[in-house]
Protein chains: 2
Amino acid sequence: MASLSETHDALTKRLTDTGLRATPQREVVFKVILEKRDHPTADEIFARVKAQMPTISLATVYNCLETLVQNGLVRQVNFDRAPTRYCPNLHEHAHFHDETTGAVHDIDVPAEVMVKLRELLPHGYDACAIELSFRGAAGVRRNFAQN
Amino acid sequence: MASLSETHDALTKRLTDTGLRATPQREVVFKVILEKRDHPTADEIFARVKAQMPTISLATVYNCLETLVQNGLVRQVNFDRAPTRYCPNLHEHAHFHDETTGAVHDIDVPAEVMVKLRELLPHGYDACAIELSFRGAAGVRRNFAQN
DNA sequence: CAGTTTGTTTAGAATTATTCTAATTCCTTC
DNA sequence: GAAGGAATTAGAATAATTCTAAACAAACTG
Ligand SMILES: [Mn+2]
Ligand SMILES: [Mn+2]
Ligand SMILES: [Zn+2]
Ligand SMILES: [Zn+2]
């Protein structure tokens with residue numbers, strides 16, 4: 001996995017390339033999303049960030065998230081009308097929403113499957129994004145380490 | 001396609017089976033969704049319904065929609081944080097959200113593709129629903145009939 | 001039938017995630 | 001080290017949806 005300073009540099013570069021600043025707020029928001037690879041909501045991110053930067057405001061968290069999303073550093077995930085979640089996994093992947101625990105799991109999607117999906121579109125339809133999500137229950141819990 | 005009285009009967013049967021009533025409000029909400037096979041929002045449905053039943057309230061439209069969805073008579077469709085849309089097409093299908101026009105188009109998904117998607121899930125994951133949606137621009141407009 | 005229960009509709013208030021506003025603070029550059 | 005632009009902040013505003021509580025309607029019950 002990428003080290004902290006690597007991702008820090010990625011953030012700085014990606015932002016400054018667009019004339020934006022790598023502010024402490026943006027850095028800490030980005031960091032907490034990378035740290036725990038669940039799919040937190042803005043509120044959850046706000047809570048985690050406040051632990052490290054007690055003066056940050058919720059508005060700033062929303063602003064930072066918007067910037068990160070627009071610059072392709074995090075992904076935005078929506079399940080019906082629930083609060084938006086944020087995902088640090090930039091690989092092409094789908095989401096499994098476990099209704100019993102509320103957890104969201106990443107599901108790998110091979111490139112060839114993505115190609116197959118794109119082929120479903122009639123001629124002339126050009127998709128700039130494909131979203132695939134599952135809803136259900138994620139399996140028997142065994143006494144093994146989960147994460 | 002199914003006739004009006006057919007779908008009317010389907011509504012009545014499906015509802016009364018669950019101890020619910022086929023009220024005029026539920027019937028007219030269902031009817032306007034079937035009539036125009038776009039993917040209207042609750043507000044749009046409210047406007048169309050009011051033309052036939054001027055006294056209906058928005059709360060009732062929401063109530064009726066919830067009932068129809070819960071009883072499998074219409075489908076609910078969400079695109080990120082935009083207002084929920086309602087779809088009368090009960091076949092397994094995906095949605096294409098045309099960002100330039102705002103229109104939503106149904107995309108056929110062969111059963112075998114659905115099977116393939118389900119196979120992406122790790123052992124123990126049980127999906128009760130799979131949602132697939134595309135976002136982009138829907139093709140060159142030619143001078144042919146559209147619908 | 002009359003009376004009771006149960007389900008439904010309705011207007012308006014409440015909720016809640018998100019966005020907006022306007023003032024302040026922070027950098028960067030001249 | 002002023003000026004200008006960018007970013008942050010608190011709090012107000014927004015908007016889709018849900019909730020509340022009262023009125024209404026249909027379905028039972030004896
Ligand atoms: Mn990788
Ligand atoms: Mn058919
Ligand atoms: Zn993810
Ligand atoms: Zn549809």
Side-chain angles (χ1 to χ4, degrees), chain A residues 11-12 14-32 39-50 52-71 73-74 76-87 97 102 104, chain B residues 11-32 39-50 52-71 73-74 76-86 97 102 104:
Chain A
L11 174 79
T12 306
R14 193 67 73 91
L15 290 179
T16 52
D17 277 1
T18 341
L20 301 173
R21 296 176 191 160
T23 66
Q25 287 86 348
R26 285 172 178 164
E27 283 173 8
V28 69
V29 167
F30 190 41
K31 185 155 84 68
V32 303
H39 292 76
T41 62
D43 262 337
E44 286 160 357
I45 293 167
F46 181 45
R48 293 178 198 175
V49 163
K50 257 204 299 206
Q52 304 184 242
M53 185 184 273
T55 58
I56 199 171
S57 77
L58 179 56
T60 299
V61 170
Y62 272 106
N63 290 340
C64 292
L65 289 171
E66 193 186 7
T67 304
L68 295 175
V69 169
Q70 282 176 351
N71 290 86
L73 291 158
V74 313
Q76 214 166 351
V77 184
N78 286 286
F79 295 105
D80 26 81
R81 304 239 89 231
T84 300
R85 291 161 173 277
Y86 296 86
C87 169
H97 189 206
V104 175
Chain B
L11 174 79
T12 306
K13 181 163 193 321
R14 193 66 74 91
L15 290 179
T16 53
D17 278 1
T18 341
L20 301 173
R21 294 174 193 162
T23 65
Q25 287 87 347
R26 286 173 178 163
E27 283 173 10
V28 68
V29 167
F30 190 40
K31 185 154 84 68
V32 302
H39 292 75
T41 63
D43 261 338
E44 286 160 356
I45 292 167
F46 181 45
R48 292 177 198 176
V49 163
K50 257 204 300 205
Q52 303 185 243
M53 185 184 273
T55 59
I56 199 169
S57 77
L58 179 56
T60 299
V61 170
Y62 272 106
N63 290 341
C64 292
L65 289 171
E66 193 186 8
T67 304
L68 294 175
V69 169
Q70 283 176 350
N71 290 85
L73 291 158
V74 313
Q76 214 167 348
V77 184
N78 286 285
F79 295 106
D80 27 82
R81 307 239 86 233
T84 300
R85 291 162 172 277
Y86 297 86
H97 189 203
V104 175

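These values consider heavy atoms only, across backbone and side chains, with no hydrogens, waters or symmetry-generated copies. Each chain gets a letter, A, B and so on, in the order the sequences are listed, and its residues count up from 1. This is a predicted model, so every value here is computed, not measured.
Thr84(B) comes within 4.0 angstrom of sugar-phosphate atoms only, judged by non-hydrogen atoms across all strands, and of no base. The residue Thr55(B) sits close only to the backbone: its heavy atoms come under 4.0 Å of sugar-phosphate atoms, none of a base.
Distance CZ/Arg81(B) to CZ/Arg81(A): 5.5 Å, rounded to 0.5 Å. We find the CG-CD distance between Leu20(A) and Gln70(A) to be 8.5 Å, quoted to the nearest 0.5 Å. How far OG1 of Thr84(B) is from OH of Tyr62(B): 7.5 Å, rounded to the nearest 0.5 Å. Taken to the nearest 0.5 Å, the CG atom of Leu58(B) stands 10.5 Å off from the CD1 atom of Ile45(B).
Considering only heavy atoms from C-beta on, Leu68(A) comes within 4.5 Å of Leu11(A) through its side chain. Contact annotation: the side chain of Gln25(A) never approaches that of Asn63(A) to less than 4.5 Å [non-hydrogen atoms, C-beta and beyond]. Considering only heavy atoms from C-beta on, Phe79(A) stays 4.5 Å or farther from Asn78(B) through its side chain.
Taking a heavy-atom distance under 4.0 Å as the criterion, the stretch of DNA chain C touched by chain B extends 5' to 3' from dT6(C) to dT18(C).
Of all the residues in residues 62-70 of chain A, Tyr62(A) reach under 4.0 Å from DNA chain C with at least one non-hydrogen atom.
Comparing Ala82(A) and Pro24(B) against DNA chain C, the residue whose closest nucleotide sits nearer the 5' end is Pro24(B).
A close approach under 4.0 Å does not occur between any side-chain nitrogen or oxygen of Arg81(B) and OP1 or OP2 of dA16(D). For dT8(D), the OP1/OP2 oxygens have no side-chain nitrogen or oxygen of Ser57(A) closer than 4.0 Å.
Each salt bridge (charged side-chain N to carboxylate O under 4.0 Å, His left out) pair with one or both residues in residues 17-32 of chain B, not counting sequence neighbours, appears once here: Lys13(B)-Asp17(B), Lys31(B)-Glu35(B).
With sequence neighbours left out, the side chain to side chain donor-acceptor pair (under 3.5 Å) criterion links Thr18(B) to Asn71(B).
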Would you tabulate the pairs of protein nitrogen or oxygen atoms and nucleotide nitrogen or oxygen atoms of nucleotides 1-7 of chain D closer than 3.5 angstrom?
| residue | atom | partner | partner atom | Å |
| --- | --- | --- | --- | --- |
| dA6(D) | O4' | Arg21(A) | NH2 | 3.1 |
| dA7(D) | OP1 | Arg21(A) | N | 3.1 |
| dA7(D) | OP1 | Arg26(A) | NH1 | 2.9 |

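What you find for Ala22(B) and Leu15(B) is that their closest heavy atoms are CA-CD1, 3.8 Å. Contact detail for Cys64(B) and Val29(B): the closest heavy-atom pair is CB-CG2, 3.9 Å. Heavy-atom minimum distance, Gly102(A) versus Arg85(A): O-NH2, 3.6 Å.
In this structure, Phe46(B) places its CZ atom 17 Å from P of dA15(D), rounding to the nearest Å.
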Trace of the side-chain contact (heavy atoms from CB on, under 4.5 Å) decision for Tyr86(B) with His39(B): CA-CA 5 Å; Tyr86(B) 297 86; His39(B) 292 75; over 6 Å; no
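From one end of the helix from dC1(C)-dG30(D) to dC30(C)-dG1(D) to the other, with five pairs defining each end axis, the axis direction shifts by 20° (rounded to 10°).
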